[in-house]
Asker: 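One structure, as structure tokens, below. Some questions next.
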Amino acid sequence: MSDFFDRVHEVCRQIPAGRVSSYGAIAKFLGAARSARMVGYAMNASIGKEGVPAHRVVNRLGMLSGKHYFGGSTLMQELLENEGVPVANDQVQNFETYFWNPADHLDPEKY
DNA sequence: AGCGTGACGTATA
DNA sequence: TTATACGCCACGC
């Protein structure tokens, strides 16, 4: 348990396949609503670690902001599509439909 | 101990 | 409506 990073990693790990979440939602869930940037920052450190599907985390607009950091290719988009999440123009389609709110499925007291 | 940085988000022009 | 500016807060140097 380093810090925020590990907490973010844990939450991301809880995101089911075929669903996506947002940085702000995770940040808010962790109690640091204004640290959405930190969430993304933590994800960057999570890349390469199994169990931390960073590709399931996008910004509030459902935009694949960090796909550039994901190997520099369309890997992120392909991963999402492979899980059943339609992506077009680096943007998740029907984002609200696939959005997965951690606060709605996880126990805040546990984190 | 301090400064710069950043996969965001909200406010303002 | 789109574009630009600012704030945030933890991490690395």
Side-chain angles (χ1 to χ4, degrees):
Chain A
M1 294 304 193
S2 303
D3 245 278
F4 227 72
F5 278 37
D6 287 313
R7 283 163 72 189
V8 174
H9 295 169
E10 274 194 61
V11 176
C12 292
R13 208 179 317 185
Q14 312 308 318
I15 302 174
R19 287 291 164 97
V20 293
S21 189
S22 69
Y23 307 99
I26 296 170
K28 187 176 182 181
F29 175 74
L30 293 176
R34 290 138 190 167
S35 302
R37 309 179 89 178
M38 293 296 80
V39 178
Y41 204 72
M43 303 315 296
N44 188 7
S46 75
I47 294 180
K49 299 179 179 12
E50 295 183 17
V52 186
H55 61 275
R56 291 180 193 154
V57 184
V58 295
N59 67 3
R60 233 286 192 187
L61 305 176
M63 193 158 70
L64 279 57
S65 333
K67 84 152 208 171
H68 190 74
Y69 285 71
F70 228 85
S73 58
T74 57
L75 175 63
M76 186 175 181
Q77 179 175 333
E78 290 183 16
L79 286 171
L80 288 172
E81 290 180 330
N82 190 13
E83 294 180 350
V85 180
V87 179
N89 197 9
D90 297 338
Q91 196 172 324
V92 177
Q93 303 301 296
N94 304 322
F95 178 64
E96 295 183 11
T97 302
Y98 294 97
F99 178 72
W100 184 83
N101 191 332
D104 193 39
H105 292 268
L106 301 180
D107 185 358
E109 296 181 359
K110 184 181 180 185
Y111 302 86

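By convention in this document, chain letters (A, B, ...) are assigned in the order of the sequence lines, proteins followed by strands, and residues within each chain are numbered from 1.
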Asker: Around atom NE2 of A:H105, are there more than 12 heavy atoms from other residues, nucleotides or ligands closer than 6.0 Å?
Answerer: yes
Asker: Taking NZ from A:K67 and C1' from B:dC8, how many angstroms apart are they, rounded to a whole number?
Answerer: 19 Å
Asker: When rounded to the nearest 0.5 angstrom, what is the spacing between CD1 in A:I26 and NZ in A:K28?
Answerer: 13.5 Å
Asker: Of the nucleotides B:dA7, B:dG6, C:dC9, which has the atom closest to the A:M43 side chain?
Answerer: B:dA7
Asker: For A:M38 and C:dC8, give me the distance from atom CE to atom C1', rounded to whole Å.
Answerer: 8 Å
Asker: Can you measure A:N59 atom CG to B:dA7 atom P for me and round it to whole angstrom units?
Answerer: 12 Å
Asker: Is A:Y23 touching bases, backbone alone, or none of the nucleic acid, heavy atoms closer than 4.0 Å?
Answerer: base
Asker: Consider the side chain of A:F70, meaning its heavy atoms from C-beta on, and name the nucleotide among C:dA10, B:dA7, C:dC8 that approaches it most closely.
Answerer: B:dA7
Asker: Grab the CZ-C1' distance between A:F4 and B:dT5 for me, whole Å please.
Answerer: 17 Å
Asker: Classify the nucleic acid contact of A:L64 as base, sugar-phosphate or nothing, counting any heavy atom under 4.0 Å across all strands shown.
Answerer: nothing
Asker: How would you label the contact of A:A33 with the nucleic acid (heavy atoms, under 4.0 Å): base, sugar-phosphate, or nothing?
Answerer: nothing
Asker: Regarding A:R37, tell me which of base, sugar-phosphate or nothing describes its non-hydrogen contacts under 4.0 Å with the strands shown.
Answerer: base
Asker: If only atom types and distance count, is the side chain of A:N89 paired as donor or acceptor with the main-chain N or O of A:Q91 below 3.5 Å?
Answerer: no
Asker: Could you state the interatomic distance from OH (A:Y69) to CG (A:N44), rounded to the nearest 0.5 Å?
Answerer: 6.5 Å
Asker: Tell me the interatomic distance from A:I26, atom CD1, to C:dA10, atom C1', rounded to whole angstroms.
Answerer: 16 Å
Asker: Among A:E83, A:K67, A:Q77, which residue satisfies the side chain to side chain donor-acceptor pair (under 3.5 Å) criterion with A:H55?
Answerer: A:E83
Asker: Given B:dC8, B:dG9, C:dC11, identify the nucleotide with an atom nearest to the side chain of A:S65.
Answerer: B:dC8
Asker: Just the rounded figure in Å: distance from C1' of B:dG6 to CG of A:N44.
Answerer: 9 Å
Asker: Looking across every strand, which nucleic acid part, if any, lies under 4.0 Å from A:V57 by heavy atom: base, sugar-phosphate, or nothing?
Answerer: base
Asker: Tell me: CG of A:D3 to C1' of C:dG12, nearest whole Å?
Answerer: 13 Å
Asker: Write down the partner of C:dC8 under the Watson-Crick or G-U wobble criteria, each distance required to be under 3.5 Å.
Answerer: none
Asker: Without decimals, in angstroms, what is the distance between A:R34 CZ and C:dC11 C1'?
Answerer: 20 Å
